[in-house]
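These notes concern the structure reproduced below.
Here the structure is a predicted model, which means the values were calculated and not measured. Letters A, B, ... mirror the listed sequences (proteins, then strands); counts begin at 1.
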Amino acid sequence: MAMIEVKSITKSFPVKKYDQAAKKYVKDTLTVLRDFSVNFDQEGVTVLLGPSGTGKSTLLRCINGLETIDKGDIIVDGMSVRDKHQLRKIRETCGMVFQQTVLFPHLDVMDNLTLAPCTLLGMSKKDAVERAKQLLDKVGLLSKEKARHNELSGGEQQRIAIARALMMNPKALLLDEITSALDPEMTSEVLAILENLASEGVCMLAVTHEMAFAQHVASRILFMDKGSLVCDASKDDFFTIYRKENERIASFLKFIGE
Amino acid sequence: MQVFDFAAYARFKWSDMRMILKAMGVTLHVTLLSLAIGTLIGLILGLIRCAKNPIVNKLPLIVMEPLRNSPLIVQLFLVFFGLPSVGIRMKAMQAAVLTLSLNTAAFFAVLVHSSIKSIPEAQWEAGYALGFNKFQIYWKIIARQAIRLLIPQAITLYISQLQCSSLVSFLSLMDLSKAGQQVAQKTMLPFLIFGIVAGLYFVLSFPLARFAKYLEKRIGFTI
């Protein structure tokens with residue numbers, strides 16, 4: 001059984017649309033994901049590619065229960081996201097890192113890392129600090145444990161955010177365009193960490209526009225367009241067969257400079 | 001000029017000064033009591049304002065808007081002179097504390113609401129994504145950041161309410177400004193007496209302002 005099963009979900013957002021004839025704004029809905037299904041196993045790195053506004057981030061947010069789905073269901077490790085009581089367990093199973101860095105500004109790095117495991121997993125402070133130190137070492141920021149968020153660069157904050165998600169010992173990491181707000185240097189810093197984690201067998205589900213990441217680290221690539229799945233292929237197939245045969249993918253890759 | 005007529009200062013007796021100091025106690029009593037009650041009620045109203053339900057979160061406005069949009073002096077008159085005609089009678093002190101408390105609560109609720117709302121949505125999402133529930137996020141993440149925004153504004157409100165408490169002198173309550181008026185009339189030394197009264201208000205409110213600065217530095221982190 002796949003770890004994450006997305007079963008024909010539909011997700012739409014309420015929007016306002018200007019009605020030319022009536023000369024006023026009317027309520028409308030924007031359907032981002034329509035009857036969307038996909039399965040993820042707990043292995044390797046899956047990269048979600050596609051133009052903006054096709055529902056890649058929305059898919060990740062639905063898996064984590066940050067958005068409620070209109071139709072269908074998502075089963076994470078045997079638990080449904082529709083069951084409010086299991087949401088916490090699901091969020092433990094899938095750690096999430098966002099595009100903007102969201103460290104808690106009132107806490108230093110160490111407390112940022114230990115807050116969740118101490119409160120939610122009942123981990124003792126000592127164990128949590130121990131584990132936090134290991135993870136900080138892994139992301140190369142052991143010296144920054146007493147720093148506040150405003151003393152860290154964007155890349156460093158993002159690395160801390162990854163470590164914070166890993167503190168909960170998740171089975172998979174959901175990464176929502178985590179390098180989009182960073183300059184190329186910091187991006188490579190963060191990607192190096194991800195590559196390391198991937199080689200250690202951490203399962204990741206990443207929305208990204210970093211082709212280098214997709215080419216080096218991904219094992220499977222999903223290409224989405226307009227709320228539906230265009231292609232689901234292994235990395236090698238994607239960059240050889242599909243880029244030649246599928247026009248949409250070819251034009252997307254051309255624009256992204258690949 | 002009267003100000004340089006030092007012989008006239010002899011009209012200002014020690015007993016007058018004692019009366020002013022006693023009245024300062026009344027001002028402090030009215031202010032502290034109503035600020036404490038007002039803060040508590042305001043906190044509750046402000047938290048209800050942050051509720052998700054669009055009907056529930058408007059309910060506090062029924063109380064808040066009239067209080068925020070009418071002069072305190074009118075509210076005091078309404079409670080002290082108006083309520084007896086519907087059978088609710090209270091002493092000047094009770095009316096003063098009740099009115100000032102509600103008035104403070106209305107303004108404090110706005111501060112609580114705006115402080116909480118100005119914590120970015122992303123902080124909530126980061127909390128949810130880690131598996132916290134709503135109350136844990138409120139307590140461990142949002143409240144601790146919101147209070148940093150709230151404190152300086154709250155103290156500004158407290159200072160202004162301290163000064164507004166002078167309006168209770170219209171309810172024949174012997175507070176600092178009322179005592180000042182009486183002593184000034186009696187001694188015919190308005191410049192000196194009101195100077196002293198102003199100085200005493202300053203003594204009460206200036207440490208509060210410094211305390212705000214201290215707290216701001218103490219809980220020093222930036223958002």
Side-chain angles (χ1 to χ4, degrees), chain A residues 57 60-61 63-68 81 84-108 111-122 147-152 157 160-170 173-176 181, chain B residues 43 46-47 50-58 111-155 211-223:
Chain A
S57 294
L60 288 196
R61 292 168 61 86
I63 292 173
N64 204 276
L66 288 173
E67 303 285 355
T68 51
V81 290
K84 282 221 163 108
H85 302 288
Q86 294 189 317
L87 261 187
R88 208 201 98 191
K89 264 287 186 239
I90 289 176
R91 285 165 176 160
E92 255 168 50
T93 312
C94 302
M96 185 149 182
V97 184
F98 300 91
Q99 176 177 2
Q100 326 117 285
T101 54
V102 271
L103 299 183
F104 304 130
H106 60 300
L107 300 172
D108 64 17
D111 288 338
N112 256 288
L113 263 62
T114 56
L115 181 67
C118 285
T119 322
L120 298 172
L121 302 181
R148 297 273 179 171
H149 81 125
N150 50 356
E151 298 159 32
L152 299 165
Q157 288 188 37
I160 301 286
I162 293 170
R164 186 174 67 183
L166 288 171
M167 280 298 285
M168 300 296 282
N169 226 339
L173 271 185
L174 309 176
L175 309 171
D176 188 2
Chain B
L43 184 65
L47 289 175
C50 297
K52 249 208 180 113
N53 187 309
I55 297 168
V56 172
N57 69 24
K58 302 250 168 13
L111 299 185
V112 170
H113 180 225
S114 68
S115 302
I116 289 176
K117 283 288 155 197
S118 49
I119 305 302
E121 192 64 27
Q123 292 285 329
W124 283 93
E125 286 191 345
Y128 280 127
L130 282 169
F132 288 111
N133 67 33
K134 196 172 171 183
F135 292 99
Q136 288 167 329
I137 297 176
Y138 246 123
W139 183 240
K140 300 237 171 215
I141 300 166
I142 304 299
R144 278 145 216 251
Q145 295 176 48
I147 204 154
R148 169 84 168 57
L149 301 171
L150 179 64
I151 283 175
Q153 303 181 68
I155 295 204
F211 183 57
K213 264 266 177 300
Y214 165 78
L215 275 183
E216 232 175 299
K217 282 214 179 98
R218 182 73 202 282
I219 329 173
F221 63 86
T222 49
I223 288 181

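- Here A:R91 contributes atom CZ and B:N133 contributes atom CG; the two are 10.0 Å apart, rounded to the nearest 0.5 Å.
- Remark: side-chain polar atoms of A:H106 are paired, donor with acceptor, to backbone N or O of B:K140 under 3.5 angstrom.
- Using a 4.5 Å cut-off between heavy atoms, A:Q100 contacts chain B through its side chain alone, with no backbone atom that close.
- Looking at A:F104, the atoms closer than 4.5 Å to chain B (heavy atoms on both sides) sit in the backbone and in the side chain alike.
- Your options are A:R61, A:M167, A:K89, and the one with the most heavy-atom pairs under 4.5 Å with chain B is A:R61.
- Heavy atoms of other residues, nucleotides or ligands lying less than 6.0 angstrom from CD1 of B:I147 number 12 at most.
- Of all heavy-atom pairs spanning A:L115 and B:F132, the tightest one is CG-CZ, 3.8 Å.
- Ranked by non-hydrogen atom pairs under 4.5 Å with chain B, the options A:V102, A:N64, A:L120 are led by A:L120.
- Contacts between A:R164 and chain B at a heavy-atom distance below 4.5 Å involve backbone atoms as well as side-chain atoms.
- Contacts of residues 121-131 of chain B with chain A at a heavy-atom distance below 4.5 Å involve B:A122, B:Q123, B:E125, B:A126, B:G127, B:Y128, B:A129, B:L130, B:G131, listed in sequence order.
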